[in-house]
Amino acid sequence: MNLILLGPPGAGKGTQSAALVERYGIPQISTGDMLRVAVKEGSPMGVKAKSFMDAGALVPDDVVVGIVRERLEKEDCRNGFILDGFPRTVTQADALHGTLKEMGKDLDAVISLEVEVDALVERLTGRRICKVCGRGYHLAFDPPSVEGRCDQCGGELYQRDDDREETIRKRLAVYSEQTSPLIDYYRQRGLLISIDGMRDIAVVQSDIVAALRTS
Ligand code: ADP
Ligand code: AMP
C-alpha cells in the first residue's frame, strides 16, 4: 500500500503513521525526521536545511525531492510506504508522481487529516518526543507514564525547537499557502480520503483503517 498522510503540522500524521506501520508492516517516510537527523549530524544537507527549519519555512524542493527519491528506492519500500510530511508543495507532488512512474508504482490513497487551528497550536505546544526512539507524546492528550521519560525505551523526552508558539504560527501559515492546495490536487486525481482528525487518536486510527478497506 502506497500512502500519503497529508495535513497541517500537529494534525497527527506522525502519530497515525506509527500505528499504520505496525498494522501494515510498511515503513514511514518522514521528511521532517530525515532532515532533523541531517541537521544533528551536521551533513552538508543538514547545514543547508537548518536555517529554513528554524524559521518555520520549507526546505527547498530539490533537497527534499532528492532524499525521498533515494529513500523510496530502498528495499523495505517494495511492499509500500507511508509518506509523512511529503509532498508539501505542488512541485514536490509533481516530482513524486514522476519518481513513482519511473519505478512503475502508483499511489493508492492520500489521507487528509482535518484539524482546527486552535487544536493544532495546543497539540504542537504540548508535543514531546523521545530523543532515543522518536516516539511522540502529548503532555495532556497522550502523556508518558513517567514524566519526561519514554514508555517504550525510557529515553529522555524533548520539545522540538520549532514547536514554540511563534514558529508554530509561521508553519501554519506556510501550510495554508503552500501545502493546502494539495488537497484539491489529490481530490481531482480521485485519491483523497478526508478524515476528521479532531477525535481521539484511536478513533482517528480506526476511521483511517476502515476508509482504506473500502477505498
Ligand atoms: P504531525 O506529525 O502531523 O505534526 P503529531 O502526530 O506529531 O503531528 O501530533 C502532534 C501532537 O498532537 C503530538 O503531541 C500528539 O501526541 C498529539 N496528537 C496526535 N493526534 C492527536 C489526537 N487525535 N488528539 C489529541 N492529540 C493528538
Ligand atoms: P515536520 O517534522 O514534518 O513538521 O517538518 C519540520 C520541518 O522540516 C518543516 O517546518 C520544514 O522546514 C522541513 N520539512 C519537512 N518536510 C518538508 C518538505 N516535504 N518540504 C520542505 N520542507 C520540509
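Note that ligands are numbered from 1 as they come in the structure, with each ligand's atoms numbered from 1 the same way. What's counted below: heavy atoms across the whole structure, side chains too, no hydrogens, waters or symmetry copies.
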(request) List every atom of ligand 1 that sits less than 4.0 Å from any heavy atom of Tyr137, numbering the atoms from 1 in the order shown and giving each element. (result) 13 (C), 14 (O), 16 (O)
(message) Looking only at distances, can you tell me whether any N or O atom of Arg127, backbone or side chain, sits closer than 3.5 Å to an N or O atom of ligand 1?
(response) yes
(request) May I ask you to decide if Leu172's main-chain N or O and Ser176's side chain share a donor-acceptor pair within less than 3.5 Å? (result) no
(request) List every atom of ligand 1 that sits less than 4.0 Å from any heavy atom of His138, numbering the atoms from 1 in the order shown and giving each element. (result) 14 (O), 16 (O)
(request) Select the closest option to atom 19 (C) of ligand 1 among Val204, Leu6, Thr15, judged by heavy-atom distance. (result) Thr15
(request) Using a 4.0 Å heavy-atom cut-off, say whether Leu113 meets ligand 1 through its side chain, its backbone, both or neither. (result) neither
(request) Decide whether the shortest distance between a heavy atom of Ala11 and an atom of ligand 1 is less than 4.0 Å. (result) yes
(message) Can a donor-acceptor pair be found, under 3.5 Å and without considering hydrogens, that links the side chain of Arg169 to the backbone of Glu165?
(response) no
(message) Under a 4.0 angstrom heavy-atom cut-off, which atoms of ligand 1 come close to Asp200?
(response) 23 (N)
(request) Report the distance from atom CG of Asp207 to atom CG of Asp196, rounding to the nearest 0.5 Å. (result) 7.5 Å
(message) For ligand 1 and Lys13, I'd like to know whether there is a polar contact (N/O to N/O, distance under 3.5 Å).
(response) yes
(message) My understanding is that only residues two or more places apart in sequence, or in another chain, count here; which of them pass salt bridge (Lys or Arg N to Asp or Glu O under 4.0 Å) with Arg88?
(response) none
(request) Give a yes or no on whether the backbone of Lys40 and the side-chain of Lys50 come within a donor-acceptor separation of less than 3.5 Å. (result) no
(message) I want to know if ligand 1 touches Phe141 in the polar sense, i.e. an N/O pair below 3.5 angstrom.
(response) no
(message) I need the nearest protein heavy-atom contact for atom 21 (C) of ligand 1: residue, atom name and distance, please.
(response) Ile201 CG1, 3.4 Å
(message) Given a heavy-atom cut-off of 4.0 Å, could you list the residues near ligand 2 in chain and number order?
(response) Thr31, Gly32, Leu35, Arg36, Met53, Ala57, Leu58, Val59, Val64, Gly85, Phe86, Arg88, Gln92, Arg160, Asp162, Arg171
(message) What protein heavy atom lies closest to atom 22 (C) of ligand 1? Include the residue and the distance to one decimal.
(response) Arg123 NH2, 3.3 Å
(message) Between Asn2 and Asp106 (side chain of the first, backbone of the second, donor and acceptor by atom type, cut-off under 3.5 Å), is there such a pair?
(response) yes
(request) Report the C-alpha distance between Lys74 and Asp76 in whole Å, list the side-chain angles of each, state the deciding distance to 0.1 Å, and finish with yes or no for salt bridge (Lys or Arg N to Asp or Glu O under 4.0 Å). (result) CA-CA 6 Å; Lys74 297 251 158 75; Asp76 64 341; over 6 Å; no
(request) Give the single entry among Ala202, Pro8, Gly10 that approaches atom 4 (O) of ligand 1 most closely by any heavy atom. (result) Gly10
(request) Output every pair passing ring-ring contact (aromatic ring centres under 6.0 Å, His included) with a member in residues 127-163, not counting sequence neighbours, ordered by first then second residue. (result) His138-Phe141
(request) May I ask you to check whether Gly12 has an N/O atom sitting below 3.5 Å from an N/O atom of ligand 1? (result) yes
(message) Going by the rule side-chain hydrogen bond (donor to acceptor under 3.5 Å, both in side chains), which residues pair with Arg128 if we only count those two or more places apart in sequence or in a different chain?
(response) none
(message) Taking atom CG as the centre, does Asp62 end up with more than 12 heavy-atom neighbours from other residues, nucleotides or ligands that are less than 6.0 angstrom away?
(response) yes
(message) To the nearest 0.5 Å, what is the distance between CD on Gln159 and CZ on Arg164?
(response) 4.0 Å
(message) Whether the side chain of Glu114 engages the backbone of Gly7 through a donor-acceptor N/O pair (distance < 3.5 Å, no angle test) should be reported.
(response) no
(message) If we check salt bridge (Lys or Arg N to Asp or Glu O under 4.0 Å) with Asp163, which of these qualifies: Arg123, Lys170, Arg127?
(response) Arg127
(message) Taking distance alone, with N or O pairs closer than 3.5 Å, would you say Arg199 contacts ligand 1?
(response) yes
(request) Give a yes or no answer on whether the side chain of Thr31 reaches the backbone of Gly85 with a donor-acceptor pair at less than 3.5 Å. (result) yes
(message) For Met198, which part has a heavy atom under 4.0 Å from ligand 1: side chain, backbone, both, or neither?
(response) neither
(message) I'd like to check which ligand 1 atoms, numbered from 1 as shown, lie under 4.0 Å from a non-hydrogen atom of Gly14.
(response) 1 (P), 2 (O), 6 (O)
